[in-house]
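Single-structure report; data block below.
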Number of protein chains: 2
Amino acid sequence: MQHPTGQMTPTPMAQSRLPAHELIYRRLRDMVLYGDLAPGQAVTIQGLTSQLGAGMTPVREAIRRLISRGALETRGNRRVSVPRLKIEHIEEIIQARKWFEPHLTRRATVRATAADITALTGIDSALDDAILAGDLRGYLELNHRFHRRIYDMADSAILSEMADGLWLRFGPAMRVVCGRVGTQNLPDMHKAAVDAIGRGDADAAAAAISGDVLQGMQQLRASLADAGEVE
Amino acid sequence: MQHPTGQMTPTPMAQSRLPAHELIYRRLRDMVLYGDLAPGQAVTIQGLTSQLGAGMTPVREAIRRLISRGALETRGNRRVSVPRLKIEHIEEIIQARKWFEPHLTRRATVRATAADITALTGIDSALDDAILAGDLRGYLELNHRFHRRIYDMADSAILSEMADGLWLRFGPAMRVVCGRVGTQNLPDMHKAAVDAIGRGDADAAAAAISGDVLQGMQQLRASLADAGEVE
DNA sequence: GCGCGAACAATATGATCAAATTATGCGGCG
DNA sequence: CGCCGCATAATTTGATCATATTGTTCGCGC
């Protein structure tokens, strides 16, 4: 029962008794995560207060939290904007995910319940639909949800939070790249992963997830190397 | 009302005026990091406003940032306190550092300059003094500075930030443990590490740092396993 | 043991101040 | 006569605060 920082939304059944700064944070986080905010775009605090109809303080706190997680950055002295992902930062993210993802997948595999398997299968099925429909936003959201479900299964609060934080960094760039490439030839080794997890084969599951992640990250890197700038 | 009589920041040079929320954040972070706040201790926002002589908004933002990094937690619904490190969380931190530290050390080794070596040597020398003097706070601070200097040398903004964030989680517990054990028999494989970095021997450097970190973390785990509760 | 209310602490707002960016106007130079 | 650069004004935006509001805790009387 611990999501005090609120970077994870475990259940969609959220209590509406949550403070405003928490709600604002989640909305802003999702906007970053699923590409509603473009890389380089400025994020003004007063713009958000009017756009979201909220007061200044909750918005400020939400922005600070996003900055703290690397989802936003302060440029120059005070202005805040969505970071433009640099090539060396992608390298770092690749290195990190190359360790985090198989590690968490292994732990998830040995802890997986039947409910977990059906949940993963369901998410992946919905993800296929989104791909076929060309629903970019749906793809991004379901893909993230798939991986985060595995994080949750791993029962590693700290490591999951760290791995999840990486998504905030490549989210905006991912949106741009997918918008260019299209949703058709996106990596999807999810079925192999779910299968391996269901069999309890941690090695195979870790390999499948690693392959999935690596493929996606390398596509991101390649697309970003082409057009060094993404606006 | 309160005009800063001067920017007498101890070590850094002429730092242009940083916003209050940034200064408060750093002070609070250091308090967590070096054990001025005990695990489980409550952190009230109004207490800090009066203690630090600051307004509410900067304090709130600083606290949010610390929560976001796992340095503080919201207990129940609203109250904020320093987290009590649980044994399973230590396991996670150990796993993470077991990957982060050698990775960053390798990168640091191939990028090390002469200035880096002298800096590391200087920090480690001061650290020895602190140990001899039984200066616990000095030990904690210099030990952290030593490792963070290596992070900086690795030139990996994202990974460094993640690795550094882990310190916020075990900082308070580390203080308690060191207070019990004393500063004498604390791990210090720093000299071997600096030596290896100076030789450009990435493998040896990574091994030394790994040993140093593992030793410290295992001591932490052992001490915490003894007295499950730390007050 | 169980409400009830007082005290306390966090949440949220809008006002106010300060900084930075953009717009503007003036004079000199080509 | 028109263009450029610099200085200054205007506007936008961020930082901070005092205060009102809301929710939580805890002691007191029943």
Side-chain angles (χ1 to χ4, degrees), chain A residues 1-7 14-29 31-32 37-38 40-69 71-84, chain B residues 1-7 9 14-29 31-32 37 40-68 71-83:
Chain A
M1 154 337 176
Q2 52 163 30
H3 51 96
T5 58
Q7 42 269 108
Q15 324 157 14
S16 59
R17 299 268 71 160
L18 289 172
H21 65 83
E22 183 68 33
L23 298 174
I24 307 265
Y25 169 77
R26 296 186 185 185
R27 283 178 69 176
L28 250 184
R29 178 201 56 186
M31 286 168 76
V32 171
L37 300 173
Q41 182 172 339
V43 173
T44 86
I45 166 168
Q46 301 188 340
L48 288 176
T49 60
S50 58
Q51 181 185 334
L52 302 181
M56 241 170 195
T57 315
V59 171
R60 280 183 71 85
E61 289 180 30
I63 289 179
R64 289 277 167 253
R65 282 170 67 180
L66 267 323
I67 292 172
S68 164
R69 297 257 259 147
L72 297 176
E73 69 179 359
T74 64
R75 210 175 347 182
N77 226 355
R78 281 151 129 124
R79 304 296 158 93
V80 175
S81 62
V82 181
R84 248 180 254 271
Chain B
M1 190 201 310
Q2 95 291 20
H3 276 294
T5 55
Q7 289 79 5
T9 32
Q15 193 67 296
S16 62
R17 297 185 41 228
L18 288 171
H21 63 81
E22 181 68 33
L23 297 175
I24 307 265
Y25 169 76
R26 296 187 185 184
R27 283 179 68 175
L28 251 183
R29 179 201 56 187
M31 287 167 75
V32 171
L37 300 174
Q41 181 172 340
V43 173
T44 89
I45 165 168
Q46 300 188 337
L48 288 175
T49 59
S50 57
Q51 180 184 335
L52 302 180
M56 238 171 199
T57 313
V59 171
R60 280 181 70 86
E61 291 179 30
I63 288 180
R64 291 273 171 252
R65 281 170 69 180
L66 266 323
I67 292 173
S68 165
L72 297 176
E73 70 179 358
T74 65
R75 209 167 1 169
N77 224 355
R78 282 152 121 120
R79 302 298 157 90
V80 175
S81 63
V82 181

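Below, chains carry the letters A, B, ... as their sequence lines are ordered, and counting in each starts from 1. Just so you know, these numbers come straight off a predicted model, no measurement behind them.
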Over how many whole Å does the gap from Ile45(A) atom CD1 to dA19(C) atom P extend? 17 Å

Give the nucleotide from the list dG14(D), dT11(C), dT16(D) with an atom nearest to the side chain of Pro19(A). dT11(C)

Across the strands shown, which category fits Thr44(B) at heavy-atom distances under 4.0 angstrom: base, sugar-phosphate, nothing? sugar-phosphate

I want to verify a distance call: between dT11(C), dA10(C), dT16(D), whose nearest atom is closest to the Pro58(B) side chain? dT16(D)

May I ask you to decide whether Arg64(B) forms a salt bridge with Glu22(A), counting only side-chain N to carboxylate O separations under 4.0 Å? no

Heavy-atom pair with the smallest gap, counting every atom of Pro83(B) and Leu72(B): CD-CA, 3.8 Å

Gln46(A) CD to dA19(C) P, straight-line distance once rounded to whole Å: 16 Å

Looking for any heavy atom pair under 4.0 Å, which part of the strands does Val59(A) touch: base, sugar-phosphate only, or nothing? nothing

How close or far is atom P of dG23(D) from atom CD of Glu22(A), stated in whole angstroms? 16 Å

Closest-nucleotide ordering on DNA chain C, the 5'-leading residue of Arg79(A) and Met56(A): Met56(A)

CA sep, side-chain torsions, deciding dist, call: His21(B), Thr57(B), side-chain contact (heavy atoms from CB on, under 4.5 Å): CA-CA 8 Å; His21(B) 63 81; Thr57(B) 313; over 6 Å; no

Take the protein atom CG of Leu18(B) and the nucleotide atom P of dG14(D), then report the distance between them rounded to whole Å. 18 Å

Give the rounded distance in Å between these two atoms: CG of Leu48(A) and P of dA15(D). 13 Å

Roughly, in whole Å, what's the span from CZ in Arg75(B) to P in dA10(C)? 13 Å

Between Ile67(A) and Glu73(A), the two heavy atoms sitting closest are CG1-N, 4.4 Å

Integer-rounded Å distance: dG14(D) C1' and Arg60(B) CZ: 18 Å

Leu52(B) versus Arg27(B), closest heavy-atom pair with distance: CD2-NH2, 3.2 Å

Using whole Å, report how far OH of Tyr25(A) lies from C1' of dT11(C). 19 Å

Which of the following nucleotides, dA10(C), dC17(D), dT12(D), is nearest to the side chain of Arg78(B)? dA10(C)

